[in-house]
Amino acid sequence: MKTKLIYLLLAGTVFNACKDVLEENPDSYYSREDFFTSASNAEMGIIGIYNSLASIYGEKDGMVFPCSDDTYYVSGTTSDNTRRDISHYVVKPSNTWIENVWEGKYEEINRANYIISGIEGMTGYQDDDKLKALSAEARFLRAQAAFDLIRYWGDVPFKTNYSNGYESSYQPRTNREEVYDQVVEDLDFAKTYLAWANETSSPERATQGAARALLMRVWLTRAGYSLQANGKNTRPAERLRQEYFKAVIKEWEAFQGNGYHGFYENGYAELFKSFSAGTLNSKESLFEVAFLASKTKGCWGTHNGPLVDMPIISQSESKNFMGRATAMFRVVPEWKDFFEENDARRDVMVCTYSYKWDKNLYNHKKVEQKNKRNWYPGKWRREWMPTGYEDPNQTDVNYCMLRYADVVLMAAEAYNETSNTSKAWELLNQVRQRAGATPIAPAVNYQELLKAPKVYDLDFIDDSDEAGKFRTALYWERAFELAFEGQRKYDLIRWGVIKEALELFGGKTTVNESGLNYPAGKNFQKGKHELFPIPEDELQINYQLNGQNNPGY
């Protein structure tokens with residue numbers, strides 16, 4: 001079992017979080033001079049930054065913001081101004097969850113700004129490796145939040161000094177390339193001063209591997225398509241793209257040189273069972289957002305796992321039974337047939353059963369769901385969790401934001417885009433072999449494994465040469481390996497194929513045969529839905545935005 005990162009509710013210590021995050025006033029309990037006097041105090045401030053992640057990753061960011069892609073969607077199509085509208089691409093600037101995540105990201109950045117300047121202003125900082133490592137953690141977290149702001153909203157207000165009031169918070173948009181430059185600078189600092197993980201490390205704290213993995217993700221995203229203020233999806237010139245891909249390979253070589261990180265020893269299925277069970281492993285899991293149900297709202301495995309009825313029991317019996325799972329999400333069921341029979345990822349990704357409460361058994365009963373509309377994302381499940389959560393609707397299950405298999409596939413993509421496709425196949429096949437899938441040999445089994453009828457033909461990817469064949473393979477492999485983990489939608493956006501992919505799957509899936517239950521392909525508008533709208537309240541309050549929202553909103 002894991003030892004949880006202890007979340008300090010810092011309202012009474014460092015941070016006094018008011019209704020509006022722009023009104024945060026850390027000086028209400030400690031003056032800067034009093035607080036930044038020791039490494040232990042500085043570390044307490046770092047935990048305060050981590051705490052801001054839990055407030056949004058419990059159900060919004062990580063689950064709903066990356067939905068819908070071509071693997072899953074939110075159940076129900078009635079407008080709710082929260083998760084359904086986001087998933088079905090009918091989101092409006094007044095959406096409350098859009099506002100929550102916007103505020104959460106800026107809270108994370110603002111806290112990081114405060115802590116970074118405080119630590120780096122401490123006496124003896126330049127000669128203190130411990131203080132530099134703490135600043136590196138804060139810079140990792142600032143980079144993580146800033147990167148998400150770019151992916152979600154494009155050009156956004158951004159600064160690296162702390163806001164202690166309204167006027168200092170109001171900023172015009174910053175060109176995303178400038179924000180990217182700061183993200184890279186922060187992650188370069190983080191990878192320099194953070195240690196590599198080892199057997200005793202917790203993935204709930206940033207390490208050098210986490211910084212390098214996030215930097216790989218940043219470089220690949222920066223090399224891809226993104227929606228500009230003029231409504232056009234563009235990507236950098238090829239010269240810059242090649243620089244970015246080579247930067248990805250440089251980080252991969254560092255992973256190889258260190259040699260600690262790798263695949264979970266017990267296999268793919270056991271990896272996800274271990275996440276639900278609360279086991280920490282720092283070998284494959286590079287960075288996790290931590291939850292403690294009694295302190296922070298964790299919903300991993302309840303909202304995004306198979307349905308589990310509320311047990312009809314007395315409160316004193318809760319330790320003996322599974323809690324509830326509301327199952328807000330549905331998997332696109334055709335994915336089950338895309339896998340090979342022997343691929344361990346198939347029955348982890350797609351769950352075809354639920355648990356009903358049986359009053360006669362006085363227990364839950366597993367029920368197979370013949371209606372494919374009731375198949376669920378299966379990577380997190382109540383049956384794999386310990387019983388006895390105080391609140392049956394909450395869990396302590398962490399969100400794994402970065403893991404080694406993703407690093408391998410990112411490196412493979414970069415090798416392919418720098419004309420080393422043979423190395424790319426080698427790495428992709430490492431991921432497949434871990435799962436028990438057949439290695440892909442382009443000249444031998446490409447047609448059998450990656451064309452109809454086994455999978456859909458992807459007319460929007462040119463596979464007339466080997467690099468194109470690899471891009472097709474990567475399209476499928478990143479979904480097979482990483483579905484529901486928060487990256488798929490953003491892969492499709494940076495590849496410039498999200499509209500085509502949503503239309504393809506929406507037009508073929510059985511869940512749309514009796515009503516438009518998965519309407520993403522119909523609703524997605526190119527030149528609009530690659531980004532979220534700036535929240536309505538922010539446009540009204542921040543006069544430096546000039547009332548201008550993202551394209552199409």
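Being a predicted model, the structure only gives us computed values, none of them experimental. In this chain, numbering begins with 1 at the start of the sequence shown.
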J.: Regarding E178 and Q182, is there a side-chain donor-to-acceptor distance under 3.5 Å anywhere?
T.: no
J.: Output yes when K130 and E43 qualify as a salt bridge under the 4.0 Å nitrogen-oxygen rule, no when they do not.
T.: yes
J.: Would you kindly say whether T71 and D69 are connected by a side-chain donor-acceptor distance under 3.5 Å?
T.: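 Their side chains do contain a donor-acceptor pair, which is all the 3.5 Å distance test asks for.
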J.: In chain order, what residues pass the salt bridge (Lys or Arg N to Asp or Glu O under 4.0 Å) check against E417, with sequence neighbours excluded?
T.: R471
J.: Under 3.5 Å, which donor-acceptor pairs do the side chains of residues 246-255 form with other protein atoms, sequence neighbours left out?
T.:
from	atom 1	to	atom 2	distance (Å)
E251	OE1	R212	NH1	2.7
E251	OE2	K191	NZ	2.6

J.: Just do the side chain to side chain donor-acceptor pair (under 3.5 Å) check on N304 and Y399 with the steps written out, would you?
T.: CA-CA 12 Å; N304 61 345; Y399 165 53; over 6 Å; no
J.: Counting only heavy atoms not in N230, do more than 12 fall under 6.0 Å of its CG?
T.: yes
J.: Classify the side-chain pair S422/N420 by whether it contains a donor and acceptor separated by less than 3.5 Å.
T.: yes
J.: For Y553, does the six-membered ring have the charged nitrogen or CZ of K528 within the cation-pi criterion, i.e. under 6.0 angstrom from the centroid and within 45° of the normal?
T.: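 Cation-pi check for K528 and Y553: passes.
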J.: Within the supplied structure, the quantity of interest is the number of heavy atoms (other residues, nucleotides, ligands) at a distance under 6.0 Å from F524 CZ; does it exceed 12?
T.: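 More than 12 within 6.0 Å, yes.
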J.: Residues two or more places apart in sequence or in another chain: which of them pass salt bridge (Lys or Arg N to Asp or Glu O under 4.0 Å) with R494?
T.: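 Listed in chain order: E413, D491.
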J.: Just to verify, which of F189, F287, F147 counts as forming a ring pair (Phe, Tyr, Trp, His ring centres under 6.0 Å) with F140?
T.: F287
J.: Applying salt bridge (Lys or Arg N to Asp or Glu O under 4.0 Å), can you list everything that pairs with R222, at least two apart in sequence or on another chain?
T.: E177, D181
J.: Should we count CD of Q433 as having more than 12 external heavy atoms under 6.0 Å?
T.: yes
J.: According to salt bridge (Lys or Arg N to Asp or Glu O under 4.0 Å), who are the partners of R217, at least two apart in sequence or on a separate chain?
T.: D406
J.: For A435, give me all partners under side-chain contact (heavy atoms from CB on, under 4.5 Å), at least two apart in sequence or on another chain.
T.: D343, R345
J.: Using a strict 4.0 Å threshold on nitrogen-to-oxygen distance, state whether D155 and R176 make a salt bridge.
T.: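 Yes, D155 and R176 are salt-bridged.
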